[in-house]
Amino acid sequence: MDLHGFLKALARRWPTVAVCLVLAIGAAIAATALSTPVYEARTQLFVATRTGEDTTQLNQGQSFSQARVQSYAAIVTTRQVTESVVRKLQLRTTPEELASRITAVAPLNTVLIDITVRDTAPRRAARIANAVATRFSAVVERLETPKRVVTSERPVRSRTAASTSPVSLGITQEAVAPTAPVSPRPMVNLAAGVLGGLLLGAGIVALRETLDTTFKASEALGEFTALPGLGTIPYDRNAPKRPLVTADAHSRRAEAFRKLRTNLQFSQVDDPPRIIVVTSSVPGEGKTNTAVNLALSLAEAGVSTCLVDGDLRRPCVAPAFGLVQDAGLTTVLIGQARIEEVMQQAGRLSVLAAGAVPPNPTELLASARMEEVLRELAGTYEVVIVDTAPLLPVADTVGLASLAQGALLVVRAAKTSRDQVRTAAQSLERVGVRVLGTVFSMAPVPKGGRYGYGRYGAYGRYGELPAPRASAPGEEAVAPAATRRTGEK
């Protein structure tokens with residue numbers, strides 16, 4: 001996934017990023033509100049040496065102090081300092097815990113020591129800082145005081161005499177009670193929440209895009225299947241209520257079916273197929289709407305067309321036109337009627353409904369009698385469009401497709417996975433069916449102006465399913481429930 005694709009994914013899945021951003025900001029605000037304020041008191045000490053007044057001695061004392069000051073800073077948090085402070089101020093803590101709240105820093109090339117104390121009470125922080133500075137000065141001066149050994153006339157006995165410390169520590173800045181806490185920091189936490197939310201949202205989008213194997217564009221479908229893309233049908237939320245494009249002949253969806261008709265006619269100029277099955281990998285991809293409206297578009301162009309409902313499990317063609325469902329293909333297959341007796345008209349289009357639902361649709365559709373019916377229809381009409389069941393759930397279409405001269409594979413945008421399309425295409429190839437191309441259905445409508453189109457989109461589903469989107473299923477708006485089984489198929 002390149003940068004352009006990632007940005008398009010972010011635009012498609014912006015609700016995910018927005019949710020992550022809101023959650024991260026809420027977590028930052030909650031952390032700020034629940035955190036105990038911490039105050040910081042500072043004090044500073046100056047390390048001086050007791051030397052003579054000449055320049056050489058002053059320089060030597062300066063070098064001595066700078067060499068020692070780093071070691072002095074490490075003594076601030078030792079138990080010699082903190083234990084005395086805890087006892088003096090009667091603190092309810094241990095010397096070790098107090099040491100964890102003390103920081104001592106000696107700036108480079110200086111003889112200064114900065115001591116910082118953190119506490120939940122501002123006045124107590126100041127008292128602790130001043131007490132630590134006082135105790136620390138005493139400890140350092142005691143440690144730096146040399147001891148002289150005076151040997152008496154008796155060789156086994158000796159006595160010591162303390163001398164003056166060569167260094168002295170003076171407090172240059174006493175700690176005062178701070179007025180504002182150093183923690184929590186609301187603006188920093190808020191900025192961290194915003195940044196963390198954006199990164200989390202981007203990460204989730206990238207992960208979902210990586211794991212999502214559905215098709216978002218017809219170009220990706222064509223590259224994957226190596227089949228020509230004969231048409232892209234846009235999504236239309238009104239399609240379940242109005243599945244036929246004749247209800248709005250100037251819509252973008254109606255124009256898309258005219259383009260599909262034209263592309264199909266010109267794709268097989270040398271050997272135009274007379275019998276075409278329209279199928280899909282799984283239910284809910286819009287195959288029935290494709291078959292119905294493709295047949296209407298062919299009839300509108302003056303092509304003698306017959307539409308056959310070959311889905312004997314969930315027939316939906318007859319309800320789309322308001323025709324009789326009980327008599328049709330199955331009636332002819334079992335010999336109870338001739339084709340012309342059950343053929344119905346929907347304007348210029350001839351429609352052969354499915355008839356009664358049989359207990360053995362797979363055997364009926366792959367029978368020799370079915371082959372005879374298709375040949376008879378092909379001898380009467382220029383084009384025979386057969387709506388079939390989905391390929392993967394049942395075996396009906398595999399047997400029926402072998403009797404046809406071409407197949408159209410309908411793929412729904414952002415729903416059909418690559419594995420499903422691969423398996424469906426392989427199923428058709430194994431029975432020697434010529435796949436004429438793919439139809440990318442329920443595609444997201446590109447943003448921008450319209451050129452003389454009415455309301456547009458994609459159309460119905462095989463069962464009541466959520467509306468398609470430019471992203472993976474389950475993320476954006478859901479279309480209204482289908483009111484007709486045709487719109488659902």
Side-chain angles (χ1 to χ4, degrees), residues 211-233 235 239 260 264 276-294 309-317 361-362 365-366 385-402 404 406-444 458-474 482 485-489:
L211 298 178
D212 185 8
T213 60
T214 61
F215 298 96
K216 306 300 186 301
S218 58
E219 293 79 8
L221 175 61
E223 293 176 1
F224 179 78
T225 60
L227 296 172
L230 298 180
T232 298
I233 313 302
Y235 168 68
L260 172 60
L264 179 62
I276 302 173
V277 297
V278 180
T279 186
S280 63
S281 304
V282 293
E285 299 190 66
K287 64 172 184 60
T288 296
N289 279 269
T290 301
V292 168
N293 289 296
L294 174 60
D309 192 348
D311 188 349
L312 301 185
R313 296 178 184 268
R314 301 185 64 178
C316 296
V317 170
T362 303
L365 293 173
I385 303 296
V386 184
D387 176 38
T388 65
L391 280 164
L392 302 187
V394 294
D396 302 3
T397 303
V398 176
L400 176 59
S402 61
L408 288 180
L409 183 60
V410 180
V411 177
R412 178 175 171 178
K415 180 180 183 293
T416 314
S417 68
R418 284 171 166 79
D419 290 339
Q420 291 171 337
V421 172
R422 182 189 296 111
T423 305
Q426 291 174 351
S427 299
L428 295 174
E429 291 175 1
R430 279 195 293 266
V431 295
V433 180
R434 179 176 54 166
V435 182
L436 304 176
T438 61
V439 179
F440 196 56
S441 70
M442 304 187 193
Y459 34 83
R461 301 175 289 283
Y462 194 96
E464 191 169 314
L465 296 173
R469 300 144 306 189
S471 57
R485 288 193 301 163
T486 305
E488 296 174 349
K489 189 170 179 181

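The structure presented is a predicted model; accordingly, all values stated were derived computationally and were not measured. Computation of the quantities below employed the complete heavy-atom set of this structure, encompassing side-chain atoms and omitting hydrogens, waters and symmetry-equivalent molecules. Counting from 1, the numbers follow the sequence of the chain as shown.
Using a 4.5 Å heavy-atom cutoff, the side chains of Asp387 and Val292 are not in contact. Contact check for Val394 versus Thr362: no side-chain heavy atoms found under the 4.5 Å cut-off.
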Stepwise side-chain contact (heavy atoms from CB on, under 4.5 Å) check, Leu264 with Leu436: CA-CA 8 Å; Leu264 179 62; Leu436 304 176; 3.8 Å; yes
Hey, mind stepping through Thr213 and Asp419 against side-chain contact (heavy atoms from CB on, under 4.5 Å) and telling me if it holds? CA-CA 8 Å; Thr213 60; Asp419 290 339; 5.7 Å; no
Begin from the C-alpha positions of Leu294 and Ile276 and carry the test side-chain contact (heavy atoms from CB on, under 4.5 Å) through to its verdict. CA-CA 11 Å; Leu294 174 60; Ile276 302 173; 5.7 Å; no
Asp212/Thr214 under side-chain hydrogen bond (donor to acceptor under 3.5 Å, both in side chains): CA gap, chis, key distance, verdict: CA-CA 6 Å; Asp212 185 8; Thr214 61; 2.7 Å; yes
Considering only distance and modelled atom types, tabulate donor-acceptor pairs under 3.5 Å from the side chains of residues 219-226, sequence neighbours left out.
unit_1, atom_1, unit_2, atom_2, d
Thr225, OG1, Leu221, O, 2.9
Thr225, OG1, Leu227, N, 3.3

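Residues Pro283 and Lys415 come closest through the heavy atom pair O-NZ, 3.3 Å. In this structure, Thr288 and Cys316 approach most closely via the heavy-atom pair CG2-CB, 4.2 Å. Taking all atoms of both residues into account, the shortest heavy-atom contact from Val433 to Ala407 is CG1-CB, 3.7 Å. Considering every non-hydrogen atom in both Ser218 and Phe440, the closest pair reads N-CE2, 3.6 Å. The two residues Leu400 and Gly310 have their closest heavy-atom pair at CD2-O, 4.4 Å. Considering every non-hydrogen atom in both Ser281 and Leu409, the closest pair reads N-CD1, 4.3 Å.
Proximity of a side-chain donor or acceptor of Ser280 to a complementary backbone N or O of Pro390 within less than 3.5 Å is not detected. In terms of modelled atom types and a separation under 3.5 Å, the side chain of Ser402 and the main chain of Gly399 share a donor-acceptor contact. Formation of a donor-acceptor pair under 3.5 Å by the Lys287 side chain with backbone atoms of Thr388 is found in this model. Under a 3.5 Å cut-off, the side chain of Arg412 and the backbone N or O of Gly284 do form a donor-acceptor pair. Under the 3.5 Å distance criterion, the side-chain polar atoms of Asp309 are matched with a main-chain donor or acceptor of Val317. Judged by distance alone, with hydrogens and angles left aside, the side-chain atoms of Ser441 form no donor-acceptor pair with the main-chain N or O of Thr232 at under 3.5 Å.
Sorted by first and then second residue, the side chain to side chain donor-acceptor pair (under 3.5 Å) pairs involving residues 425-434 (not counting sequence neighbours) are Gln268-Arg434, Ser427-Arg430.
Rounding to the nearest 0.5 angstrom, the gap separating the CG atom in Leu391 from the OG1 atom in Thr423 is 10.0 Å. For the atom pair OG1 (Thr290) and CG (Leu408), the distance works out to 8.5 Å, reported to the nearest 0.5 Å.
Residues passing the side chain to side chain donor-acceptor pair (under 3.5 Å) test with Thr416 are Glu285, sequence neighbours excluded.
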